[in-house]
Amino acid sequence: MPRIITVSSGKGGVGKTTFAVNFALTLSRVAPTVLVDLDTGTSSIRNTLETPVRKDLYHFFRKGQRLADCVTQLDPKLDPQGLFSNFSFVAAPMHSIDEITNWSDTSRWKLVHAINELPAEFVILDLRAGLDTNVIDFLPLSNSGILVFTPHHPAATLAAGDIVKSLLFRKLRFIFSTDSPFFRQHGALANQHRMVNELLNQVEDVYEDGLPNLDAFLQDLLMSLGNNPYLETIANVVHSFGVYFVLNMFDGVEESYDTAVRPFVDYLKNGLSAHLKLTNLGWVIKDDAIHSANCSRRPILLQPSEQKKAPAPLDPVMRELANIESSVFGLPEPKDVTPRISPTRDELLNISDRSPLDRQLEILNTMYHTEGSMQVRNNFAYITHRVLHVVRSLPADSFGQSQLLTPLEIFHKVFPDLPG
Ligand SMILES: Nc1ncnc2c1ncn2[C@@H]1O[C@H](COP(=O)(O)OP(=O)(O)OP(=O)(O)O)[C@@H](O)[C@H]1O
Ligand SMILES: [Mg+2]
């Protein structure tokens, strides 16, 4: 089963492309990986990889070529030893072409289906900045994919929180729309249905201070209606939602905690829910060598490394992947992410305002004391290792997606249990 993993950030310039390229390279050492440039206005991936591109998204959209025929392998001069032969990428067109930059619905769903058909174990999607439908429609339904933010752009941290908010509300609106199986089953309760949708609007609207977040909303609903199907459904959606993030341009535990992690967690806790499942996948250090590598169109992981000059039997990335097993820390156990069928009244009302933040500092500190935590190759090996751990140990919809879905498919495939 392929796993499609999005890399997004809300705001621009935080290092999505830098992360996506080097992460996909590292993952490709483990299994076939295709990186797709969905930032079709700026063609950033082809600008980062000095490799001739014969076919790109132009050929897919304009010339009717299969997406699988529009992938490009690394030029051998970037990978003389063939270490990254399992890596390939789909480039965006060389220059902006309006209909390819701003997809119509038809083009977007055509691309969605073609991405699902790519022959790879991992497909990494480098998304554009912003929060429009060309970003949101590629993101998962039950988790955030990988969010990238950095201590150097505080506003971008809140934008990453806004992605989580959009995804949660998108899912709730799917469930409570009048086309949904849920409505067909419970539509007789028309007044309750209207009330729930109105209250959701209030929570989403930050200018209304009546209901600050989904936890308050659930408490309100419980007080006014008692146990009811809405309560259970919303609690399951919120309590099982996974938020995964990577800190780019990391410059120390305290700085990252104060300027990125804490504001991010506070924002989610205060504006959405204290019950979201947060996983810090790791960080990438701030290093001019990373930037210079991008500018020379040979990403940092394709630069000759110090160790490689020595007669080392094992590539350092692979060695780190193998060694780091014991340092995985702070990942939820599989049982943690299984949606709770029926949250108890106490669980809904008793919200600890300490829980999500407490562990984040502890996790940062533990990662910091991991050997090699300030070396960029090890950063990517560490993140990749944690991602593989999550992919292998949690159910498929807990992290990334096994398939991108159109809205119609979401009703059929994601909510089959709701009788319709
Ligand atoms: N860890 C890092 N250390 C130093 N420089 C970095 C690092 N990560 C990214 N950069 C630099 O920061 C700039 C922005 O990075 P990048 O283009 O990857 O961000 P982005 O989020 O993809 O931007 P956009 O939203 O425009 O697509 C680039 O000049 C890149 O070389
Ligand atoms: Mg980019």
Side-chain angles (χ1 to χ4, degrees), residues 5-26 35-50 56-57 89-96 100-102 124-132 134-136 138-139 144-163 244-253 255-256 259-260 264 280-303 305 367-368 372-384:
I5 303 171
T6 51
V7 177
S8 65
S9 69
K11 274 227 186 316
V14 300
K16 289 180 295 299
T17 302
T18 305
F19 171 76
V21 169
N22 289 290
F23 173 59
L25 284 167
T26 317
L35 171 66
V36 185
D37 192 347
L38 292 187
D39 190 357
T40 43
T42 63
S43 355
S44 40
I45 288 176
R46 68 194 297 154
N47 292 333
T48 308
L49 291 165
E50 192 180 9
D56 57 30
L57 284 176
F89 64 100
V90 176
M94 220 159 1
H95 298 289
S96 175
I100 302 180
T101 303
N102 304 304
I124 309 302
L125 305 182
D126 180 24
L127 293 170
R128 61 187 79 182
L131 250 179
D132 63 22
N134 288 330
V135 172
I136 294 290
F138 290 90
L139 290 168
S144 65
I146 298 183
L147 301 174
V148 178
F149 53 88
T150 160
H152 303 274
H153 296 287
T157 304
L158 303 186
D162 275 332
I163 292 189
Y244 297 87
F245 61 95
V246 165
L247 293 168
N248 188 29
M249 307 190 204
F250 176 84
D251 56 0
V253 170
E255 297 79 347
S256 296
T259 57
F264 180 66
N280 181 341
L281 291 169
W283 63 65
V284 179
I285 52 162
K286 181 169 167 57
D287 188 341
D288 288 343
I290 298 175
H291 179 65
S292 316
N294 287 341
C295 295
S296 68
R297 302 183 68 204
R298 184 190 274 257
I300 190 76
L301 289 192
L302 298 177
Q303 300 283 334
S305 74
M367 293 195 311
Y368 189 66
S373 68
M374 297 305 276
Q375 290 165 21
V376 65
R377 281 168 197 278
N378 292 346
N379 294 161
F380 280 101
Y382 185 91
I383 294 166
T384 301

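Along the sequence shown, the residues carry numbers beginning at 1. The analysis underlying the following values was restricted to heavy atoms, covering all of them including side chains, and did not include hydrogens, waters or symmetry mates. Atoms within each ligand, like the ligands themselves, are counted from 1 in listed order.
Of the protein's non-hydrogen atoms, the one nearest atom 31 (O) of ligand 1 is His291 ND1, 2.6 Å. Here the protein heavy atom with the shortest distance to atom 20 (P) of ligand 1 is Lys16 N, 3.4 Å. Closest protein heavy atom to atom 10 (N) of ligand 1: Met249 CE, 3.9 Å. Residue, atom and distance of the protein heavy atom nearest to atom 23 (O) of ligand 1 are Gly13 N, 3.1 Å. Of the protein's heavy atoms, Asn248 ND2, 2.9 Å lies nearest to atom 8 (N) of ligand 1. Here the heavy atom of the protein found nearest to atom 19 (O) of ligand 1 is Gly15 N, 2.9 Å. Looking from atom 27 (O) of ligand 1 to the surrounding protein, the closest heavy atom is Asp39 OD2, 3.3 Å.
Counting only heavy atoms from C-beta outward, the side chains of Asp251 and Pro151 approach each other to under 4.5 Å. Side-chain atoms of Leu247 and Phe149, non-hydrogen and from C-beta on, do get closer than 4.5 Å to each other.
Not one N or O on the side chain of Ser256 forms a donor-acceptor pair closer than 3.5 Å with the backbone of Phe250. A donor-acceptor pair is defined here as one N or O able to donate and one able to accept, closer than 3.5 Å; such a pair exists between the side chain of Asn379 and the backbone of Ile285. In terms of modelled atom types and a separation under 3.5 Å, the side chain of Ser43 and the main chain of Pro93 share a donor-acceptor contact. Side-chain atoms of Asp37 come within 3.5 Å of backbone N or O of Ile45 as a donor-acceptor pair. Formation of a donor-acceptor pair under 3.5 Å by the Arg297 side chain with backbone atoms of Thr48 is not found in this model.
Applying the salt bridge (Lys or Arg N to Asp or Glu O under 4.0 Å) rule to Arg298 yields no partners; only residues at least two apart in sequence or on another chain are considered. Remark: His153 engages Val14, Thr150, Ala156 in a side-chain contact (heavy atoms from CB on, under 4.5 Å) (not counting sequence neighbours). Remark: Asp39 engages Thr42 in a side-chain hydrogen bond (donor to acceptor under 3.5 Å, both in side chains) (not counting sequence neighbours).
Residue-ligand proximity, Ile290 to ligand 1, at heavy-atom distances under 4.0 Å covers atoms 1 (N), 2 (C), 3 (N), 7 (C). Residue Gly12 approaches ligand 1 through these ligand atoms, each under 4.0 Å from one of its heavy atoms: 25 (O). Near Asn294, with a cut-off below 4.0 Å to any heavy atom, the atoms of ligand 1 are 30 (C), 31 (O).
Within a 6.0 Å radius of CG in Asp132, other residues, nucleotides and ligands contribute more than 12 heavy atoms.
Inside a 4.0 Å radius of atom 13 (C) of ligand 1 there is not any protein heavy atom.
Taking distance alone, with nitrogen or oxygen atoms compared against 3.5 Å, Asp288 stays at or beyond that limit from ligand 1. Here's the thing with Thr18: one of its N/O atoms is less than 3.5 angstrom from an N/O atom of ligand 1. Considering backbone and side-chain N/O of Ser44, none are found under 3.5 Å from N/O of ligand 1. The distance criterion of under 3.5 Å between nitrogen or oxygen atoms is not met by Lys11 with respect to ligand 1.
Residues Ser9 and Val148 share a closest heavy-atom pair of CB-O, 3.2 Å. Of all the heavy atoms in Lys16 and Val7, the pair that sits closest is O-CG1, 3.8 Å. Nearest heavy atom pair, residue Val246 against residue Trp283, reads CG1-CA, 4.5 Å.
Distances from atom 1 (N) of ligand 1 to the heavy atoms of Ile285, Thr48, Thr150, Asp287 show the closest one on Ile285.
No part of Asp126 comes within 4.0 Å of ligand 1, judged by heavy-atom distances.
Around the Mg ion (ligand 2), protein N, O or S atoms at less than 2.8 Å number 1.
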